[in-house]
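The structure appears right after this line, and notes come after that.
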Amino acid sequence: MASLLLPILLLALLISPSQADTAICTSQTFNNSNVYTNYADLPSLGSCLHWTYNASNSSLAVAFVFVGYRNYDSWIAWAINPTGTGMVGAQALVAYILDDGTPAVKTYNITSYSSIIPGKLSFDVWNVSAEYTSAFTIFATVKVPEKAETVNQVWQVGGGFNKITGMIEKHSFAAANLISYGPLSLVATGTPNTRGDV
């Protein structure tokens with residue numbers, strides 16, 4: 001009997017939280033009562049995205065949800081990269097917890113791996129906020145190119161955060177962190193998938 005249990009225990013240890021956490025989006029409700037047209041579990045980092053695209057003003061309302069947040073000195077981020085697919089060029093919303101326990105969000109225009117400091121985004125963003133309950137969520141509405149059908153999204157979870165300077169420490173380079181990007185369809189109804197293109 002013990003010989004049968006050992007492989008099962010080893011398999012359980014190998015499953016990452018993002019693999020074990022399926023259907024994250026379907027269980028989410030928000031304190032601000034926001035409702036979105038589409039949703040999809042993202043394929044890494046135990047996270048999901050809710051979104052609504054408004055073609056009349058070329059805007060995208062999003063709620064990025066990360067369920068594994070435990071360390072108040074770390075950060076989460078969701079971004080659109082209008083010039084590429086990865087981190088360099090990403091226009092990021094980075095959320096963290098203040099000393100009094102309330103969540104806050106800063107914007108970062110990531111021009112290089114060595115320049116990750118707060119800055120104005122290359123497009124308009126409004127209705128920016130965050131909440132931390134059973135999950136950590138970033139809310140925002142961003143301007144996207146007129147008649148765009150997809151945008152390149154990037155999401156991430158990082159280590160330390162300097163609450164005075166706004167400088168963030170590099171994230172882990174584990175496999176789950178390195179695959180946390182992909183195209184986002186603005187008009188299709190989102191469903192859980194395994195490739196990062198939602």
Side-chain angles (χ1 to χ4, degrees), residues 18 36 38 40-55 57-66 69 74-96 103-130 136-163 165-188 190 193-198:
S18 61
Y36 299 89
N38 305 292
D41 289 349
L42 299 174
S44 68
L45 300 177
S47 51
C48 78
L49 188 74
H50 296 255
W51 75 98
T52 298
Y53 173 60
N54 184 343
N57 67 355
S58 301
S59 68
L60 178 67
V62 298
F64 168 72
V65 181
F66 176 66
Y69 190 80
S74 62
W75 51 268
I76 67 168
W78 182 83
I80 288 177
N81 190 332
T83 61
T85 58
M87 177 178 283
V88 174
Q91 307 296 296
L93 301 161
V94 177
Y96 57 98
V105 184
K106 286 183 183 276
T107 58
Y108 290 73
N109 181 341
I110 302 175
T111 57
S112 73
Y113 286 108
S114 60
S115 178
I116 305 177
I117 56 175
K120 187 172 173 21
L121 302 186
S122 65
F123 45 74
D124 291 338
V125 57
W126 61 98
N127 296 335
V128 178
S129 65
F136 200 175
T137 304
I138 297 172
F139 300 99
T141 303
V142 298
K143 189 76 171 176
V144 296
E146 190 175 346
K147 297 181 181 176
E149 294 185 358
T150 63
V151 292
N152 296 318
Q153 66 171 332
V154 183
W155 62 96
Q156 199 53 254
V157 179
F161 185 91
N162 186 318
K163 295 171 185 173
T165 65
M167 296 288 288
I168 58 178
E169 292 181 9
K170 291 179 181 177
H171 59 77
S172 166
F173 285 87
N177 299 86
L178 297 178
I179 63 168
S180 58
Y181 65 92
L184 171 68
S185 172
L186 299 181
V187 292
N193 71 71
T194 58
R195 297 191 308 141
D197 49 338
V198 293

**Asked** Can you check side chain to side chain contact (heavy atoms under 4.5 Å, CB included) on V154 and I110, steps first, answer last?
**Response** CA-CA 12 Å; V154 183; I110 302 175; over 6 Å; no
Check [X] against [Y] and note the closest heavy-atom contact, atom names and distance.
| X | Y | value |
| --- | --- | --- |
| A95 | A130 | CB-CB, 4.3 Å |
| P103 | F136 | CB-CE2, 3.7 Å |
| S58 | K147 | OG-N, 4.3 Å |
| L186 | A148 | CD1-O, 3.3 Å |
| A77 | V94 | CB-CG2, 3.9 Å |
| A140 | V125 | CB-CG2, 4.1 Å |

Return yes if some donor-acceptor pair links the side-chain N/O of [X] with the main-chain N/O of [Y] below 3.5 Å, else return no.
| X | Y | answer |
| --- | --- | --- |
| W51 | S185 | yes |
| T107 | G119 | yes |
| W155 | S44 | yes |

**Request:** Report the C-alpha separation of V62 and V142 in whole Å, then their side-chain angles, then the decisive distance to 0.1 Å, and conclude whether the side chain to side chain contact (heavy atoms under 4.5 Å, CB included) test is met.
**Result:** CA-CA 8 Å; V62 298; V142 298; 5.6 Å; no
Rounded to the nearest 0.5 Å, what's the gap from [atom1] on [X] to [atom2] on [Y]? Could you check?
| X | Y | atom1 | atom2 | value |
| --- | --- | --- | --- | --- |
| W78 | I138 | CH2 | CD1 | 9.5 Å |
| F66 | C48 | CZ | SG | 11.5 Å |
| L93 | Y108 | CG | OH | 11.0 Å |

**Counterpart residues, side chain to side chain contact (heavy atoms under 4.5 Å, CB included), relative to N54 (two or more places apart)** = S56, N57, S59
**Message:** Suppose we screen for side chain to side chain contact (heavy atoms under 4.5 Å, CB included). Which residues come up paired with A55, at least two apart in sequence or across chains?
**Reply:** Y53
**Side chain proximity check, Q156 to W75, heavy atoms < 4.5 angstrom** = yes
**Asked** Looking at side-chain heavy atoms only, is the closest gap between H50 and T137 below 4.5 Å?
**Response** no
**Message:** Could you walk me through whether F123 and I80 satisfy the side chain to side chain contact (heavy atoms under 4.5 Å, CB included) test, starting with their C-alpha distance in whole Å, then the side-chain angles of each, then the deciding distance to 0.1 Å, before giving a yes or no?
**Reply:** CA-CA 10 Å; F123 45 74; I80 288 177; 4.0 Å; yes
**Prompt:** Quick one: which of N38, V144, V151 gives a side chain to side chain contact (heavy atoms under 4.5 Å, CB included) with L184?
**Reply:** V151
**Item:** Candidate pair V105 and F139, rule side chain to side chain contact (heavy atoms under 4.5 Å, CB included), full reasoning
**Value:** CA-CA 9 Å; V105 184; F139 300 99; over 6 Å; no
**Fill in**
side-chain hydrogen bond (donor to acceptor under 3.5 Å, both in side chains) pairs touching residues 117-126, sequence neighbours excluded, are Q91-S122
